[in-house]
Amino acid sequence: MAEHNAIDQARDGLTEQLARQRAAFEARPVPLSRPERLQRLDTLADALYTHRHDFCEALNTDFGGRSVEETLLLEIFVLIDEIRHTKRHLRKWMKPHHVMPNWQFLPSSARFIYQPLGVVGVMGAWNYQLLLTLSPLVGAMSAGNHVMVRPSELAPVSAELMKRVLANCFTDDYVSVHTGGLEVSQAFSTLPFDHLFFTGSTRVGKIIMRNASEHLTPVTLELGGKSPALVGDDYDVASAARKITHAKLSNAGQTCVAPDYALVPQAKKQAFIDAAGAFAAKLYPSLADNPDYTRILSADHYKRLQVITDEVRDGGGQVLQCNPAGEDCNADNGAFPPTIVHDCPADSVALTEEIFGPILPVVGYRSLDEAIAYINARPRPLALYYFANDRASRRKVLYGTISGGVTVNGCIYHLPQNNLPFGGVGDSGMGAYHGIDGFETFSKKKAVFFQSRFSLTRYMRPPYGKLMRFLLGFVLRNRPGFEKIPPRARGGQAKPSD
Ligand code: NAD
């Protein structure tokens with residue numbers, strides 16, 4: 001009851017805010033011009049740069065230890081670079097696109113134009129609080145929308161800072177930020193936005209889509225899942241192990257596109273585990289006092305990871321923890337040691353649920369077909385990584401599996417590409433953004449047809465006569481089995497064939 005009251009109360013405030021932003025959007029006789037959009041994107045980039053240290057500090061507090069370099073590189077830099085790319089290409093993206101009308105309609109003309117949708121809702125996730133909330137904001141702003149932003153309540157310090165910084169950049173009828181507890185998210189996802197963009201788990205993604213369906217609000221769902229790293233037989237196993245380990249341990253594995261598990265040729269499994277363990281120790285010679293090693297967000301998240309490893313151990317699997325300095329790592333200091341697990345029970349959480357932490361299950365395979373079948377027997381992943389030199393096997397994996405995106409011979413790097421769409425498929429999500437895909441996601445691509453005074457269409461209206469029948473005969477002449485149009489019956493009905 002109390003929970004429902006809290007949600008209703010949050011909804012009232014949010015509904016008022018949505019009405020205010022929608023009125024501001026509709027009061028504009030024409031959409032925001034390109035210079036206006038560019039100026040606002042500049043304001044956002046400047047604010048991110050000016051407050052970069054504040055954001056690093058805020059995220060450090062939220063995580064109880066977040067690598068400053070990772071915040072600067074993986075959030076601030078990527079965002080500023082995306083804004084730079086957007087500014088450079090916006091003129092081209094906004095242009096009406098002329099297309100050829102069907103020949104029967106010549107000399108009419110056709111084009112499509114992009115229009116802002118109106119007021120867009122953006123819900124982010126805590127693991128990259130800035131990137132996942134502000135990158136969709138960049139897409140929505142570039143398309144000319146007004147935006148209501150909902151950062152994750154699980155990283156409240158950075159959420160409050162984001163609210164203050166954006167309030168200084170923009171009027172609140174253009175961009176508003178909504179902080180507060182879970183009830184705010186619950187209410188937010190029920191609002192009749194013109195588009196709702198959500199980043200988070202598959203479980204919550206289903207709730208979001210259900211809530212949005214009430215108003216037929218279109219959704220983009222950026223979800224998670226188990227992204228495999230498949231090591232081909234012809235690839236240097238130690239090199240693959242190093243790349244996978246690095247990607248897995250960034251942000252302590254709390255990355256949607258982190259390689260979730262490694263599929264390695266059975267004969268090379270031990271070599272892979274040795275190389276991954278050694279590289280983890282090299283990257284992080286200490287853990288608890290290491291500012292490079294990001295902490296697990298909360299004690300609950302930490303305990304979940306402990307349960308995952310305990311289950312593997314109890315089920316007869318192997319657990320290898322890399323803690324070179326032999327420190328006390330626990331839920332209080334949040335440092336979860338890089339961990340490799342193998343020979344896990346098939347039904348263990350390590351092999352069935354997204355891990356979202358620095359635990360890497362290693363699974364052996366005997367043939368590439370078996371590895372592909374293993375991937376395809378599971379929900380479609382957000383990302384897939386394949387390490388191979390042989391072009392034929394790359395082709396086989398690229399076309400034989402379905403995932404949101406792929407990096408070949410590396411991990412994660414398809415994500416920051418400004419010219420590639422980013423988004424999942426099936427359980428890992430729907431829709432895409434980044435660069436032009438973000439612009440298109442937040443725009444209505446509207447078909448416009450300019451009818452010319454002269455065209456064949458003027459002969460295609462009743463009373464249908466010989467000319468119409470001649471034209472029909474002409475346009476249908478090449479269909480298999482076409483002989484001639486059946487004779488007309490009285491009343492305009494074609495006679496049923498005898
Ligand atoms: P989550 O699904 O628990 O929470 C995400 C958001 O949903 C939060 O803002 C939260 O407030 C909101 N939420 C939670 N319960 C809700 C409810 N009942 N009704 C409405 N809103 C609700 O996810 P998380 O723990 O924040 O993030 C981890 C998950 O997100 C992982 O699965 C990860 O793979 C995924 N993720 C995906 C991407 C991507 O780009 N595809 C990026 C980051 C994280």
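Below, each value reflects all heavy atoms present in this structure, side chains not excepted, and no hydrogens, waters or symmetry copies. Given the structure is predicted, the values throughout are model-derived calculations rather than measurements. Each ligand, and each atom within it, is numbered from 1 in the order the structure gives.
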Requested in this report: For T294 and Q254, test the side chains for any donor-to-acceptor distance below 3.5 angstrom and give the result as yes or no.
Outcome: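 Looking only at side-chain atoms, Q254 and T294 do not form any donor-acceptor pair under 3.5 Å.
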Report task. Give a yes or no on whether a salt bridge exists between D194 and R22, defined as a side-chain N under 4.0 angstrom from a carboxylate O. Result ->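 Yes.
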Query - Residue pairs involving residues 337-359 (criterion side chain to side chain donor-acceptor pair (under 3.5 Å); sequence neighbours excluded) - result: K269-D343, Q321-T339
Query raised in the report: Taking C-beta and beyond as the side chain, do L368 and V397 meet within less than 4.5 Å on heavy atoms?
Result: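 Side chain of L368 against side chain of V397, heavy atoms only: contact under 4.5 Å found.
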Side-chain donor-acceptor contacts of residues 119-126 below 3.5 Å, not counting sequence neighbours, with atom names and distances?
none

Report task. Write out the protein residues near ligand 1, meaning a non-hydrogen atom under 4.0 Å from one of its atoms, in order of chain and number. Result ->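 If the criterion is a heavy atom under 4.0 Å, then ligand 1 touches M123, G124, A125, W126, N127, L132, S152, E153, L182, S185, Q186, S189, F198, T199, G200, S201, V204, I207, I208, E222, L223, G224, C256, E354, F356, L382, F422.
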Report task. Write out all pairs satisfying ring pair (Phe, Tyr, Trp, His ring centres under 6.0 Å) with one or both partners inside residues 173-226, taking only residues at least two apart or from two chains. Result -> H146-Y174, F170-Y174, F188-F193, H195-F442, F197-Y433, F197-F442
